[in-house]
Amino acid sequence: MSHEHVSYLELLARGAATEAYDRPVLLARASGAGPEALAELEEAKQLALRVRAELEGRRRREAELSALFATAHDLAGLRDLDAVLRAIVQRARSLLGTEVAYLSLNDPTAGDTYMRVTEGSVSARFQQVRLGMGEGLGGLVAQTARPYVTEDYFADPRFQHTRTIDAAVRDEGLVAILGVPLSLGSQVIGVLFAADRRARVFEREQVALLGSFAAHAAVAIDTANLLAETRSALAELERANDIIREHSAVIERASEVHDRLSELVLHGGGVHDVAHAVSEVLGGTVEFTEAGAGSARRAGGHAVRDGDDWVAAVSAGGETLGALVLHGQPELDPVDQRTLERAALVTSLLLLARRSAGEAEQRVRGELLDDLLDAPDRDRRLLRERAARLRTDSEAPHVVLAARVDRAAGDASDPDTGSRESADRRRLWSAASHLAATRHGLASARDGGTVLLLPLGPGESAADLARQTARSLGGTLREPVTVGASAPVRTVLDRPDQVAVAYEEARRCLDALVLLHRSGQGAAAEDLGFLGLLLADGRDIDGFVGRTIGQVVDYDLRRGTDLVRTLDAYFASGMSPARTKDELHVHVNTVAQRLERVGRLLGPDWQSPARALEIQLALRLHAMSSAVAR
């Protein structure tokens with residue numbers, strides 16, 4: 001084998017460029033080789049080039065097959081569709097040796113094609129471009145389902161050039177473009193592209209290779225869609241199973257609460273027993289309340305949402321007795337809502353049964369109070385026995401309270417006016433009787449309203465009890481209830497005649513509250529200032545003076561000041577500080593300082609007409625009592 005032939009084998013071995021194969025021929029010619037030797041070398045060169053081309057083709061096919069195998073492997077372990085499509089575009093760009101590769105997908109809703117993945121792109125406009133069907137090279141591929149290639153895009157008249165597409169392609173600097181369709185059966189779902197920023201010719205093998213990648217991309221997209229549909233179907237099945245399990249659990253809970261409520265009714269359970277049983281079954285906290293059922297009442301017996309709570313009205317015969325309130329379960333199944341409603345119905349039955357027994361006791365309490373008011377000469381031993389059976393504390397001081405619902409005056413000819421007043425009296429008597437039973441007192445309907453005889457609690461005054469009673473009855477009836485109270489009665493059963501006297505005082509106090517436009521409030525004579533002196537039977541002058549100016553009198557006694565005399569002079573001088581200082585022979589600033597102290601002791605409204613009148617009367621009474629004491 002000649003030296004020149006060895007040179008060609010070395011070139012093949014190291015994969016030299018095509019130009020290197022001319023060197024042995026040139027050296028032989030330069031050394032004066034003959035025509036036969038030169039012809040033999042030329043023949044060897046051509047043979048070496050054919051071998052080189054064959055080897056290069058095999059290496060390229062090996063790389064292509066390796067890339068296609070890797071792509072198939074990616075599809076087998078498909079997890080992220082974007083990652084698979086990005087790998088396909090990267091491999092296509094690498095094997096075809098292009099500067100840019102990209103993939104677009106069709107949007108059936110918008111009727112166009114949009115960029116999905118790009119590799120090597122530097123233009124944001126190009127990466128976001130959308131092609132209408134038939135527009136540009138890609139639009140034509142998507143429309144015809146055939147590959148298209150151009151050596152110079154802008155000079156190619158086959159494509160529908162638009163300003164938007166041409167601007168994006170020019171912004172990216174693309175010249176030569178190859179596009180192949182992504183097909184699922186007969187449907188084109190997108191286009192895979194390879195492109196260069198210079199003119200070039202794409203060979204048939206390169207078109208076929210890009211088509212293979214496009215087929216893999218289409219399979220990846222189809223697989224991802226199938227996986228998404230499968231996951232969606234599985235999720236739907238899981239949701240359906242969850243719903244079935246949830247409904248099964250709800251039905252079991254409903255059955256359990258039905259059995260427990262039935263057992264409670266049969267064994268004499270109470271309202272709070274029902275609430276406890278439903279709490280355990282529904283998983284929240286259920287409480288019975290006698291107020292706050294307005295929204296549930298309007299819902300016609302259905303459980304309704306109230307913020308994060310559920311409320312079911314407890315009612316009977318059109319009357320709302322209260323409500324069951326479920327806390328801690330803002331999302332409640334319809335079956336559980338029915339369970340709460342059923343518990344409210346059972347509660348109403350229990351309340352009606354309790355009311356029947358309570359009304360019998362209320363009548364007995366009313367009869368005892370009627371006897372104290374109308375027949376005080378009854379046998380006191382029998383009165384004590386009857387009071388003991390009703391658990392009334394006859395030894396404690398009691399207060400007589402007169403209560404009335406005061407509505408605005410209605411039309412006397414209106415037939416509904418009388419019926420409303422009658423209903424008000426019944427409701428008031430019922431609420432007052434319940435209050436009397438809870439406080440171990442007595443209640444009776446009388447004179448268009450209700451009279452109560454209630455014991456005083458530790459540290460409680462008649463005025464405190466009147467205000468509490470007005471609030472309690474008004475809250476129960478949801479109507480303003482006015483309550484007048486008597487002075488405390490010390491020995492109710494030893495001197496039953498005092499009850500009738502105290503009732504008259506309570507009625508006068510009630511009428512005074514209405515005349516003073518204080519309907520809906522509760523008060524005793526001590527709350528009404530000097531008017532209370534006229535209403536009260538005790539004529540507690542010292543108490544009135546103490547409540548009105550007692551703080552000023554005490555301040556003078558403790559500090560040796562002269563605030564009482566200053567007040568006398570101030571009112572005698574027509575409430576003029578200048579004339580007051582002349583009367584007292586002090587500086588006007590001294591008067592101002594004393595009056596400021598009075599204001600701190602009596603309150604900022606002490607000079608209002610009503611307060612000023614009471615203060616002046618108290619000053620006169622104080623002066624009289626001081627003179628008598630001397």
Side-chain angles (χ1 to χ4, degrees), residues 67 71 74-75 78 80-96 98-150 153-154 156 158-197 202 206-225 228:
T71 301
D74 289 344
L75 291 179
L78 178 66
D80 182 355
L81 176 61
D82 283 338
V84 174
L85 295 180
R86 194 174 297 109
I88 290 173
V89 171
Q90 289 171 348
R91 290 167 187 152
R93 178 193 178 202
S94 174
L95 289 175
L96 269 67
T98 58
E99 295 173 282
V100 182
Y102 49 100
L103 182 148
S104 67
L105 292 179
N106 292 354
D107 185 346
T109 303
D112 60 6
T113 299
Y114 64 95
M115 289 292 183
R116 178 65 181 268
V117 181
T118 64
E119 179 68 23
S121 171
V122 296
S123 167
R125 180 191 299 184
F126 182 78
Q127 294 166 14
Q128 297 172 8
V129 71
R130 299 182 75 98
L131 293 74
M133 299 301 289
E135 295 179 356
L137 184 149
L140 190 59
V141 173
Q143 186 180 54
T144 62
R146 293 174 54 192
Y148 276 87
V149 62
T150 178
Y153 175 76
F154 291 102
D156 199 325
R158 292 177 298 164
F159 312 119
Q160 180 182 342
H161 293 270
T162 67
R163 181 180 301 174
T164 302
I165 298 173
D166 285 0
V169 174
R170 188 175 288 109
D171 202 33
E172 188 64 55
L174 301 182
V175 177
I177 304 174
L178 166 63
V180 296
L182 278 69
S183 302
L184 289 176
S186 60
Q187 180 185 7
V188 177
I189 61 171
V191 180
L192 178 61
F193 299 87
D196 261 334
R197 296 187 176 93
F202 289 97
Q206 293 174 319
V207 175
L209 176 61
L210 193 63
S212 297
F213 280 116
H216 281 303
V219 170
I221 294 168
D222 190 40
T223 302
N225 289 338

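Among all heavy-atom pairs drawn from Leu131 and Gly139, the shortest one is CD2-N, 3.7 Å. In terms of heavy-atom proximity, Val141 sits nearest to Gly179 at CG2-O, 3.8 Å. Contact record, Gln143 with Gly134: OE1-CA, 3.7 Å, taken as the closest heavy-atom pair. The heavy-atom pair separating Ala194 from Leu210 by the smallest distance is N-CD2, 3.9 Å. Between Pro181 and Pro147, the shortest heavy-atom contact is CD-N, 3.8 Å. Minimum heavy-atom separation, Asn106 to Ala142: OD1-CB, 3.8 Å.
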Check your understanding: Would Thr150 and Leu178 satisfy side chain to side chain contact (heavy atoms under 4.5 Å, CB included), going step by step from the backbone distance to the final call?
Key -> CA-CA 7 Å; Thr150 178; Leu178 166 63; over 6 Å; no
Exercise for review: Show your working on side chain to side chain contact (heavy atoms under 4.5 Å, CB included) between Val100 and Arg93 and close with a plain yes or no.
Suggested key: CA-CA 6 Å; Val100 182; Arg93 178 193 178 202; 5.9 Å; no
Review point. When you look at His161 and Tyr153, which way does the side chain to side chain contact (heavy atoms under 4.5 Å, CB included) test go after all the steps?
Key: CA-CA 9 Å; His161 293 270; Tyr153 175 76; 3.6 Å; yes
Review point. How far apart are the C-alpha atoms of Ile221 and Ile189, what are their side-chain angles, what is the distance that settles it, and do they pass the side chain to side chain contact (heavy atoms under 4.5 Å, CB included) test?
Key: CA-CA 9 Å; Ile221 294 168; Ile189 61 171; 3.9 Å; yes
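Separation of atoms CZ (Arg91) and CG (Leu96) is listed at 14.5 Å; rounding is to 0.5 Å. Note that CZ of Phe202 and OG1 of Thr98 are 6.0 Å apart. Values are rounded to the nearest 0.5 Å. Taking CZ of Arg86 as the reference point, atom CZ of Arg116 lies at 9.0 Å (rounded to 0.5 Å). Separation of atoms CG (Leu182) and CG (Leu85) is listed at 8.0 Å; rounding is to 0.5 Å.
Inter-residue side-chain proximity for Ile88 and Phe213 is flagged as met; some heavy-atom pair is nearer than 4.5 Å. Looking at heavy atoms from C-beta onward, Val169 lies in side-chain contact with Phe154 at the 4.5 angstrom threshold. Annotation: side chain of Val117 is not in contact with side chain of Tyr102 (no heavy-atom distance under 4.5 Å). Counting only heavy atoms from C-beta outward, the side chains of Leu137 and Phe193 approach each other to under 4.5 Å. By the 4.5 Å heavy-atom criterion applied to side chains, Leu184 and Val219 are not counted as neighbours. For the pair Arg146/Leu140, no side-chain contact is recorded, criterion being any heavy-atom separation below 4.5 Å from C-beta on. Leu192 is listed as a side-chain neighbour of Val89, based on a closest heavy-atom distance under 4.5 Å. Looking at Met115 and Val129, their side chains come closer than 4.5 Å, going by heavy atoms from C-beta outward.
Here the side chain of Gln127 pairs no donor or acceptor atom with the backbone of Ala124 at under 3.5 angstrom. With Ser94 contributing its side chain and Gln90 its backbone, the two residues share no donor-acceptor pair below 3.5 Å. Checked by atom type and distance alone, the side chain of Ser212 pairs as donor or acceptor with a backbone atom of Ala208 at under 3.5 Å. Panel note: side chain Thr118, backbone Ser121; no donor-acceptor pair is recorded below 3.5 Å.
The residue from Thr164, Thr113, Asp112 that alone fulfils the side-chain hydrogen bond (donor to acceptor under 3.5 Å, both in side chains) condition with Arg130 is Asp112.
Pairs of residues two or more places apart, or lying in two chains, that qualify as side chain to side chain donor-acceptor pair (under 3.5 Å) and include a residue from residues 181-197 are Glu172-Arg197, Asp196-Arg200.
A cation-pi geometry, defined here as NZ or CZ lying under 6.0 Å from the six-membered ring centre and within 45° of its normal, does not hold between Arg158 and Tyr148.
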